[in-house]
S.K.: 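Sharing a structure with you now.
All values reported here derive from a predicted model rather than from experimental measurement. Within every chain, numbering begins at 1; the chains are lettered A, B, ... in the order of the sequence lines, protein sequences first and strands thereafter.
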There are 2 protein chains.
Amino acid sequence: MARWQPDGRRRLQDAALELYGERGFAEVTAAEVAARAGLTERTFFRHFADKKEVLFGDETRLAETIADGVRAAPPEASPMEAVLVGFAALSESAHARRDRLLRRERIIEQNAELRERELAKFAAWTAALASALRERGVAEASLVAEVAIATGRMAFHRWIEADRPVPLAEAMREGFAAVRAFVS
Amino acid sequence: MARWQPDGRRRLQDAALELYGERGFAEVTAAEVAARAGLTERTFFRHFADKKEVLFGDETRLAETIADGVRAAPPEASPMEAVLVGFAALSESAHARRDRLLRRERIIEQNAELRERELAKFAAWTAALASALRERGVAEASLVAEVAIATGRMAFHRWIEADRPVPLAEAMREGFAAVRAFVS
DNA sequence: TCCCTGATGTCAGCGACTGTCATCAGAGTA
DNA sequence: TACTCTGATGACAGTCGCTGACATCAGGGA
C-alpha cells in the first residue's frame with residue numbers, strides 16, 4: 001500500500017480553490033490549505049513557491065501553447081494570422097475547463113496580490129509570444145506581442161463573463177480592428 | 001525644537017534606494033531601511049503598505065498626469081494625438097529625475113516581486129488612461145489604453161537605456177507604426 | 001537482501017506585517 | 001498662562017509566510 005495518497009499537488013490546488021473561494025485568499029492560511037489536502041504546510045511550499053502560485057501553477061504551459069501555435073502557423077501567414085492560430089490552440093483547452101477557470105477568476109479579481117501575480121503571468125506569455133514572433137522576423141516583436149496578449153486578454157474576459165460565450169477568434173478580430181483605428 | 005526630523009517619508013525612500021541598490025531588495029530588511037532613515041520598522045509600514053511600495057509611492061500621480069494630458073488635448077485631436085500629449089507631460093518630469101529613475105530601474109529589474117509590482121502600477125496607469133479615453137468616446141478604450149501604455153513603456157525603456165536619450169515622442173511614433181503594420 | 005530515492009513530516013527560526021497602547025512637541029483655544 | 005487636541009512616532013507582542021535541516025519510510029532496483 002502506498003505510503004501517501006497520490007497526486008498531492010492536485011489535491012492542494014483543489015483545496016486552495018475551495019478555501020480561497022469560500023473565505024477569500026487573505027483569510028486562508030497556507031497551513032489550512034495543506035490540512036484540507038491532508039498534507040502539511042511544509043509540503044505545500046515544496047509544491048508551490050508561495051501561497052499565490054497554487055492558483056497559477058499550470059499557466060507556464062499555456063505560454064508555450066501560444067508560442068507553439070505561432071510557430072506552427074504556415075510560413076506565408078501574416079503575423080496577425082499566426083497569432084490567431086496561437087490563440088486558437090489556447091481556446092480549445094479553455095473550453096473544457098470553463099467552470100474551473102471562472103471560479104478562479106472570481107478569486108483573483110477579489111485580491112490585489114493575486115491580480116499582480118496574474119499580470120506577471122501575462123508578462124511571461126508576452127515574452128514567450130515575442131520570442132516566437134521574433135523567429136518569424138516580426139519587427140518590434142515585444143511591442144507586437146504586448147498588443148496581441150492584451151487583445152487576447154480582452155477576448156478571454158469577454159468570453160468568460162458572457163453566458164453564451166462569444167467565439168474567441170471573433171472577439172480578437174474586433175479588438176484588432178479597434179487597435180487599427182487607434183494607430184491609423 | 002521639532003521632536004522629529006521632518007520629511008520621514010522622503011528619508012525612507014532615499015534609504016531604501018541606497019540599501020536596495022547596495023545589497024539587493026531581498027537582502028535588506030524593512031527594519032534596516034527604517035534604521036538608516038532614523039526611524040523604526042513600525043513607522044516604515046505606516047508610510048508604505050509593504051516593503052516594495054517604498055519604491056513606487058509616487059507613481060499614482062503619474063497615472064493622473066497622463067490622463068490629464070489626454071483630457072487637455074484639443075477636442076478635435078485624434079485619440080492617438082491625445083495620447084501623445086498625455087505622454088509629453090510625463091516626459092518632462094522624467095527628464096529631471098533621470099538619474100534617480102535609472103537607479104530605481106536597476107533595482108526593480110533584479111527582483112521578480114518588484115517587477116510584479118511595477119506591472120501592477122502600469123495596469124493602474126492603463127485604467128486611468130482608459131477612463132480618459134472613454135470620456136473622449138474612444139471605442140474599446142481599455143484595449144486602446146493597453147496599446148498606448150505598452151508603447152509608452154517601450155519608449156521609456158529605450159529612453160532610459162540610451163546614453164543619448166531618444167525623444168520619447170519619436171520612439172512612440174515608431175511603436176505605433178509597428179503596431180499598425182501588425183494589425184493591418 | 002540491501003541500499004537508494006523521492007515524497008513527506010517535524011521542528012526551529014527569520015522577517016513581513018498588524019493591532020494596540022503610550023508618548024509628547026506644537027498648534028489651537030480659553 | 002494654562003489647557004486640550006492632534007499627529008507622527010516608538011514600544012511590544014503576536015500571526016503568518018516561507019526556509020533550512022534533518023528524520024522517516026515505501027517502493028524500486030542492484
S.K.: Choosing from dC16(D), dT9(D), dG9(C), which nucleotide comes nearest the side chain of L39(B)?
M.R.: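 Closest nucleotide to the L39(B) side chain: dT9(D).
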S.K.: In whole angstroms, how far is the P atom of dG15(C) from the OH atom of Y20(B)?
M.R.: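 Computing the Y20(B):OH to dG15(C):P distance gives 14 Å.
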S.K.: Return the 5'-most residue of the pair D50(B), R46(B) with respect to DNA chain C, ranking by each residue's nearest nucleotide.
M.R.: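 Per heavy-atom nearest nucleotide, the more 5' residue is D50(B).
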S.K.: Whole angstrom is fine here: how far is it from CZ in F25(A) over to P in dC16(D)?
M.R.: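 To the nearest whole Å, that distance equals 14 Å.
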S.K.: Could you tell me how far apart F45(B) (CZ) and dG14(D) (C1') are, to the nearest whole angstrom?
M.R.: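 My rounded result for the distance is 15 Å.
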S.K.: Is it the case that the ring center of F48(B) lies less than 6.0 angstrom away from the ring center of F56(B)?
M.R.: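 Ring centres of F48(B) and F56(B) not closer than 6.0 Å.
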S.K.: So what does V28(B) hit on the nucleic acid, given a heavy-atom distance under 4.0 Å: a base, only sugar-phosphate, or nothing?
M.R.: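 Counting heavy atoms under 4.0 Å across all strands, the contact made by V28(B) is with sugar-phosphate only.
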S.K.: Please give, in whole Å, the distance from dC17(C) C1' to E32(B) CD?
M.R.: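 Rounding to the nearest Å, CD of E32(B) and C1' of dC17(C) are 16 Å apart.
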S.K.: Between dT23(C) atom P and R42(B) atom CZ, what is the distance in whole Å?
M.R.: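 So the CZ-P distance, R42(B) to dT23(C), works out to 18 Å.
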S.K.: Taking only N and O in the side chain of H47(A), is any of them less than 4.0 Å away from OP1 or OP2 of dA7(C)?
M.R.: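 It does not, given that no N or O in the side chain of H47(A) lies less than 4.0 Å from OP1 or OP2 of dA7(C).
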S.K.: F44(A) CZ to dC16(D) C1': how many Å, rounded?
M.R.: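 From F44(A) CZ to dC16(D) C1': 13 Å.
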S.K.: Examine L119(A) and L55(A) and state if one hydrophobic cluster contains both, with Ile, Leu, Val, Met, Phe, Trp and Tyr joined whenever side-chain heavy atoms are less than 4.5 Å apart.
M.R.: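 No, no single cluster joins them.
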S.K.: Between R153(B) and E118(B), is there a side-chain N and carboxylate O pair less than 4.0 Å apart?
M.R.: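 Salt bridge absent between R153(B) and E118(B).
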S.K.: Establish, yes or no, whether the cationic atom of K51(B) lies under 6.0 Å from the six-membered ring centre of F25(B) and within 45° of the ring axis.
M.R.: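 Yes, a cation-pi geometry.
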S.K.: Looking at dT9(D), I'd like to know if its phosphate oxygens (OP1 or OP2) sit under 4.0 Å from a side-chain N or O belonging to T40(B).
M.R.: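 No, outside the criterion.
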S.K.: Round to the nearest Å and state the distance from F48(A) atom CZ to dA7(C) atom P.
M.R.: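 So the two atoms are 14 Å apart, to the nearest Å.
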S.K.: Atom CD of E41(A) to atom P of dT8(C): distance rounded to whole Å?
M.R.: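 Going from E41(A) (CD) to dT8(C) (P), I get 15 Å.
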